[in-house]
Every structure is written in C-alpha cells, then in structure tokens.
A.B. asks: 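Right, I'll just put the structure down here and ask away after.
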Amino acid sequence: MKPPQSNLARSFFGIKPSRILVLFLTILLIFATLFLGDHIANNLSDVWQLIAGKANHYQSIVVWQWRASRLFSALLIGAALGVSGAVFQSLVRNPLGSPDITGFNVGAFTGVLISIAFFGNLYWLSVLGAILGGLFSALLVYLFAYREGHSGFRLIIVGIAISATLTAFNQWLSLTVSLETAMTAALWSAGSLNGMTWARILPAAALISAFMVCAFLLNTRMKLLEMGDDTAAALGVPVNKTRLILMFVGVSLTAVATAITGPIAFISLAAPQIARRLENSASVSLSSSAYVGALLLLCADFIAQHGWAGSTLPVGLVTISLGGIYLVYLITREGKL
C-alpha cells in the first residue's frame, strides 16, 4: 500500500502549489521591475540601500516614484482585467467570452474617444466616458443576443458584430476630429503604462477595488449560474438581476482599466483559462484569475520595457501580439471539442 501523500506536497500552509508558483514569479518580476537597470542597483547592497531609504535622491525618485507607480498600476489593472474576464467567461460558459472578444473594451474606447473629441483630454471625463461606452456596448450585446434567454455562443457572435461596428465608428470619428485630438486618441489606443504616476493611479485604484469587492461578493451566485439558469433559480438566485449586476461589474472593471491605460488585450481572455489549468479546476476562480492577470500584465510590461534595447513599447502591443497567438490556439482547441 502506498503511503498517504503528504499535506505539504499538496499545499504549503493551505496555499496551493500553483499559487505559490504565481507568487514566486510575481515577486521575482517585482524585484526586476524595480531594481534592474544601469545606475539603479548593480548589486544586492544597492538594493538594500534603496529599500532602507539610504540611496541617493535620483535613485529613490526613479524607483519609488516612477517605477513603483508603474509596477502598482500593472498589478492592479492586470488583476482587474483578469477578474473581468473570469466574470464574463463564467456568465457565457465559454473561454472565448471575454471583453476582448465581445467588444466591451472597444465600447469603452468609443466612450473615451467621444469624451476626448468633445470635452478634451480630461481624466475623470475619460473614465466616465469609458464606463458609459462599455455599458452601452454591453447593453447592445445583451439586447441583440436575447432570444428567450441567452446563449453563450450567441453572446460571443453578437459581441464580435457589435465590436466591428464600434471599431468602424471609432475610425470614422478619428478622421473627423482635429489632428491633435486624433493623435491623442491614437497614442492612447495603443495601451500603455508609460507616464503612470501615483496621482493618476490611486484615485482609479479606489474604483477598481470597489468593483472587485462587488465581484467577489457575487462569487457564490456566479457559481450557481454556471450550473444553469433553472438550477440557479431553484436555489433562490434572481437569475436576470444577478446576470445584469455581474455584467455591470465586469464591464466597469474593463472600462476603468481602459480609461487609465488604453485598451489592453489578451489579459482578460487568457488569465482565467491559465488560472483554471493551474488550479486544475473545472470552473473559473476569481482570485486565481486576479493573480494570473496581474502576473501576465507585469510580465508583458517588463518585456515592453526591456525587450528592445533603447526603446520602450506600449504594453498593449506586446499583449495583443501574445493574445493573437493564444486566440488562434484557443479557437483551434475549442473547435476540436
């Protein structure tokens, strides 16, 4: 008879090994993001000087004002996108059901573009425009996909159609506004963490945190909806009301993230599925999706900063390149099922 498997092999103080791996990689990337680079930290002694607050003024500003705010932004926005993707993939019960595919981030882009075109590049108006644009696109998808209930496949197809329509509208609007406005929108649409400061990210962090708390509070109802509308209703869940609230929370997470950085693809699509495989679970976990989303965006931003010598790319270009490859794999895999 085989000896029983050690609890330590299955978990470490109650933490699953997959989460330990994600945590280790995240800590490693955090140190690399903060301290890697010429004239910043050449050895462990320099790192300790920075942590202890004994480094020179230039090094402290670079690490704790510029790099730390960008690092925090990557972790927060990655987690928000991961949770948003998990919510929508749970609702439509399909790994393709993410804001990237269903067009909600394109709707958020439309809202920001209208805000910039008519009111100027004002931060909070852009955030409001992104939320309203994302909710408007979600409402269109919800209404057009309704046929005595909602099918996950129908929601995805309608979302792709709405996304294509809004993309065409965005291009038309970009051609009709002033050159300065069009250039501002074009730079923003690449999706970037460049220039992210504490003053810019902290107010948005409060909004993102509030929506993420709402998502976790609705986690039980979301799991019951995965069992089917009839089963959820029999267990006392108000199906349509819960679905609408979850859609509002998911769209808002994507919209606020989009308003801050511009559209960042791939994270909300891939994070829940990678997390599900790491957890070896049949369902999508919100907490694991948040961890993996944060790690993916942090990794993509590290590549954007250090992958090409002498230049820093918008992180959106890195994620969309990786996302295209992943999307082809996912569609091929789903087609075989």
Side-chain angles (χ1 to χ4, degrees), residues 77-115 126-146 150-171 173 185 188-189 191 204 207-208 211-212 214-215 218 222 242-273 284 286 289-290 293 297 316 319-320 323 327 330:
I77 293 169
L81 292 174
V83 170
S84 178
V87 167
F88 283 109
Q89 289 181 21
S90 174
L91 285 177
V92 303
R93 302 164 205 157
N94 192 306
L96 292 173
S98 78
D100 309 285
I101 306 300
T102 51
F104 302 146
N105 59 345
V106 178
F109 180 26
T110 303
V112 173
L113 191 57
I114 292 173
S115 174
S126 295
V127 173
L128 179 61
I131 293 176
L132 293 177
L135 290 174
F136 177 70
S137 63
L139 180 63
L140 289 179
V141 172
Y142 189 86
L143 292 176
F144 282 111
Y146 188 82
H150 286 91
S151 161
F153 180 75
R154 190 162 57 239
L155 280 168
I156 293 170
I157 296 301
V158 172
I160 292 172
I162 296 296
S163 176
T165 303
L166 290 175
T167 299
F169 174 78
N170 292 345
Q171 292 175 346
L173 187 59
W188 178 86
S189 66
L207 269 179
I208 290 175
F211 287 127
M212 288 184 70
C214 291
L218 292 167
M222 189 181 75
T242 301
R243 183 178 284 113
L244 285 172
I245 294 173
L246 281 168
M247 287 185 68
F248 171 77
V249 172
V251 168
S252 297
L253 283 170
T254 296
V256 175
T258 301
I260 300 168
T261 63
I264 295 179
F266 169 65
I267 305 298
S268 58
L269 175 68
Q273 294 305 308
V284 177
L286 291 183
S289 298
L297 188 54
T319 61
I320 202 168
L327 182 58
L330 192 59

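For this chain, numbers begin at 1 and follow the sequence in order. As the structure is a prediction and not an experimental result, all values here were calculated from the model.
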A.B. asks: Restricting to non-hydrogen atoms, name the atom on Thr102 and the atom on Ile156 that form the minimum distance, rounded to 0.1 Å.
C.D. replies: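 The answer is CG2-CA, 4.2 Å.
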A.B. asks: Just how far is it from atom CG of Leu253 to atom CG of Leu207, taken to the nearest 0.5 Å?
C.D. replies: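 The CG atom of Leu253 sits 10.0 Å away from the CG atom of Leu207.
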A.B. asks: Working to the nearest 0.5 angstrom, can you tell me the gap between Leu286 CG and Ser90 OG?
C.D. replies: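 So the CG of Leu286 and the OG of Ser90 are separated by 7.5 Å.
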A.B. asks: Taking side-chain contact (heavy atoms from CB on, under 4.5 Å) as the test, write out the residues that go with Phe169, two or more places apart.
C.D. replies: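 In terms of side-chain contact (heavy atoms from CB on, under 4.5 Å), with neighbours along the sequence ignored, Phe169 is linked to Thr110, Ile114, Trp172, Leu173.
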A.B. asks: Quick one, Phe136 and Leu140 - any side-chain contact, counting heavy atoms below 4.5 Å?
C.D. replies: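 Result yes, sub-4.5 Å side-chain heavy-atom pair found.
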A.B. asks: Report the residues that fulfil side-chain hydrogen bond (donor to acceptor under 3.5 Å, both in side chains) with Thr254, sequence neighbours left out, ordered by chain and then residue number.
C.D. replies: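 side-chain hydrogen bond (donor to acceptor under 3.5 Å, both in side chains) check on Thr254 returns Ser84.
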A.B. asks: Who are the side-chain hydrogen bond (donor to acceptor under 3.5 Å, both in side chains) partners of Ser98, not counting sequence neighbours?
C.D. replies: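 Testing Ser98 for side-chain hydrogen bond (donor to acceptor under 3.5 Å, both in side chains), a comparison that skips the adjacent residues, returns Asp100.
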A.B. asks: Indicate the atoms forming the closest heavy-atom contact of Gly107 with Leu166, along with that distance.
C.D. replies: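 That would be CA-CD1, 3.7 Å.
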A.B. asks: So do Ile77 and Ile260 actually touch side chain to side chain, heavy atoms under 4.5 Å?
C.D. replies: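 Ile260 reaches Ile77 side chain to side chain.
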A.B. asks: Ignoring hydrogens, what is the shortest heavy-atom contact between Val83 and Ala215? Give both atom names and the distance.
C.D. replies: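 Result for this residue pair: CG1-CB, 3.9 Å.
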A.B. asks: Against Met222, only a single residue in Val284, Val249, Leu246 fulfils side-chain contact (heavy atoms from CB on, under 4.5 Å); can you say which?
C.D. replies: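 Option passing the side-chain contact (heavy atoms from CB on, under 4.5 Å) with Met222: Leu246.
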A.B. asks: If every non-hydrogen atom of Phe144 is compared with every non-hydrogen atom of Val158, which pair is closest and at what distance?
C.D. replies: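 Heavy atoms only, the tightest pair is CB-CG1, 3.7 Å.
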A.B. asks: Are any of the side-chain heavy atoms of Phe104 and Thr258 separated by less than 4.5 Å?
C.D. replies: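 No, every pair of side-chain atoms sits at 4.5 Å or beyond.
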A.B. asks: Checking Leu139 now: which residues fulfil side-chain contact (heavy atoms from CB on, under 4.5 Å) with it, not counting sequence neighbours?
C.D. replies: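 With sequence neighbours excluded, Leu139 shows a side-chain contact (heavy atoms from CB on, under 4.5 Å) to Leu143, given in chain and number order.
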A.B. asks: I need the Leu244 CG to Thr242 OG1 distance, nearest 0.5 Å.
C.D. replies: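 Answer for the CG-OG1 pair, Leu244 versus Thr242, is 9.0 Å.
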A.B. asks: I'd like to check the side-chain contact (heavy atoms from CB on, under 4.5 Å) partners of Thr167; sequence neighbours left out, ordered by chain and number.
C.D. replies: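 Thr167 satisfies side-chain contact (heavy atoms from CB on, under 4.5 Å) with Val106, Ser163, Gln171 only.
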A.B. asks: Using every non-hydrogen atom in the two residues, find where Val251 and Gly134 come nearest and quote the distance to one decimal.
C.D. replies: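 For Val251 and Gly134, the tightest heavy-atom pair comes out as CG1-C, 3.2 Å.
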A.B. asks: Under the side-chain contact (heavy atoms from CB on, under 4.5 Å) rule, collect the residues that match up with Ser252, sequence neighbours excluded.
C.D. replies: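 Result, side-chain contact (heavy atoms from CB on, under 4.5 Å) vs Ser252: Ile131, Phe211, Phe248.
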A.B. asks: Could you report the tightest heavy-atom contact between Ala290 and Met212, atom names first, then the distance?
C.D. replies: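 What the structure gives for the nearest pair is CB-CE, 4.3 Å.
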